[in-house]
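Each remark here refers to the structure printed beneath this line.
Values below: every heavy atom of this structure, side chains too, minus hydrogens, waters and symmetry copies.
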Amino acid sequence: MKKLHQTGVIMIVCMVLISCSITYKFNGASIDYTKVHSISIKDFPNMAPLIYPPLEQKFTEELKDKYTRQTKLQILRENGDLDLEGEITNYVFMPQAVKEDAYASQTRLSITVRVRYTNNTNPDEDFEQSFTAYQDFSNNNTIEQVQDELSQLIVEEIVDQIFNQTVANW
């Protein structure tokens with residue numbers, strides 16, 4: 001009887017251990033790959049009043065790279081299980097800190113991107129939203145000196161925001 005009891009306890013423990021599983025995803029993505037296999041990412045045209053020519057291509061490529069590096073999704077031009085499209089709506093420099101001589105001592109570069117996300121496997125997750133990020137810089141530097149580096153940092157931040165909103169489910 002005692003042996004039968006021990007065997008029963010061992011079987012119950014084994015069943016509990018087998019039925020419980022913990023999954024950790026270190027890239028932050030939470031995608032059901034049995035349903036979602038692809039994502040289409042269209043070019044994001046630069047519709048901002050102030051145009052920085054490399055921004056359109058830089059942003060679109062960084063977005064594609066993020067999904068390529070951190071998911072197993074196939075990147076398509078159109079008709080993906082997930083769909084991302086939108087436009088760059090703002091690229092602006094704004095003075096932030098003014099010195100006593102009324103000149104700005106710091107300036108902020110801000111970029112805004114409007115995104116339309118469609119989840120063709122789960123339409124409840126569809127959204128349209130704007131994402132904004134910025135970087136401040138000292139006016140000891142000219143815009144030409146900092147524009148490439150700052151825009152790259154801002155693009156990376158906005159891409160992270162979009163990735164988290166679309167597939168990370170934080």
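Residues E156 and K58 are not paired through a salt bridge, judged by the lack of any N-O separation under 4.0 Å between the basic side chain and the carboxylate. A salt bridge does not link D83 to R116: none of the charged side-chain nitrogens sits closer than 4.0 Å to a carboxylate oxygen.
With contacts defined as side-chain heavy-atom distances shorter than 4.5 Å, the pair T132/S110 qualifies. For the pair F59 and I158, the minimum side-chain heavy-atom distance is below 4.5 Å. Side-chain contact between P49 and N90: present, with at least one pair of heavy atoms (C-beta onward) separated by less than 4.5 Å. Considering only heavy atoms from C-beta on, F131 stays 4.5 Å or farther from V159 through its side chain. Side-chain contact between I75 and T68: present, with at least one pair of heavy atoms (C-beta onward) separated by less than 4.5 Å.
Between N120 and T118, the shortest heavy-atom distance links the atoms OD1-CG2, 3.4 Å. Minimum heavy-atom separation, K42 to T60: O-CG2, 4.1 Å. Heavy-atom minimum distance, D81 versus K35: OD2-O, 3.8 Å. Minimum heavy-atom separation, N46 to E56: N-OE1, 3.3 Å. Of all non-hydrogen atoms in Y134 and E157, the two that sit nearest each other are O-OE1, 4.5 Å. Across all their heavy atoms, I154 and A133 have their closest contact at CG2-O, 3.6 Å.
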Begin with the C-alpha distance, continue with both residues' side-chain angles, and end with the deciding distance and a verdict on side-chain contact (heavy atoms from CB on, under 4.5 Å) for V155 and V113.
-> CA-CA 9 Å; V155 163; V113 178; over 6 Å; no
For V167 and L82, run side-chain contact (heavy atoms from CB on, under 4.5 Å): C-alpha distance rounded to whole Å, both residues' side-chain angles, the deciding distance at 0.1 Å, then the answer.
-> CA-CA 10 Å; V167 298; L82 307 178; 3.9 Å; yes
Before giving the answer on side-chain contact (heavy atoms from CB on, under 4.5 Å), spell out for F93 and L50 the whole-Å C-alpha distance, their side-chain angles and the decisive distance to 0.1 Å.
-> CA-CA 9 Å; F93 291 94; L50 177 62; 3.9 Å; yes
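In this structure, the separation between CG on D43 and CD on E87 is 12.5 Å, given to the nearest 0.5 Å. Residue F127 holds its CZ atom at 4.5 Å from CD of Q165, rounded to the nearest 0.5 Å. Separating the CG atom in L84 from the CZ atom in F44 is a distance of 5.5 Å, to the nearest 0.5 Å. Between the CD atom in Q135 and the CD atom in Q147 there is a gap of 13.5 Å [rounded to 0.5 Å]. For the atom pair CD1 (I31) and CG (L73), the distance works out to 4.0 Å, reported to the nearest 0.5 Å. In this structure, CG in L150 is found 6.0 Å from CG in L109, a value given to the nearest 0.5 Å.
Looking at N141, N139, D136 one by one, the single match for side chain to side chain donor-acceptor pair (under 3.5 Å) with T107 turns out to be N139.
Under the 4.5 angstrom side-chain criterion for Ile, Leu, Val, Met, Phe, Trp and Tyr, the cluster partners of V92 are M94.
V146 and I51 are assigned to two separate hydrophobic clusters, defined by single-linkage of ILVMFWY side chains at heavy-atom distances under 4.5 Å.
The backbone N or O of N119 lies less than 3.5 Å from a partner atom in the side chain of D126, making a donor-acceptor pair. The backbone N or O of F163 sits less than 3.5 Å from a side-chain atom of T166, completing a donor-acceptor pair. With hydrogens and angles disregarded, no donor-acceptor distance shorter than 3.5 Å links the side chain of Y67 to the backbone of I39.
Shown here is Q96, whose CD atom has more than 12 heavy atoms of other residues, nucleotides or ligands within 6.0 Å. Around CD of E149, the count of heavy atoms belonging to other residues, nucleotides or ligands within 6.0 Å does not exceed 12.
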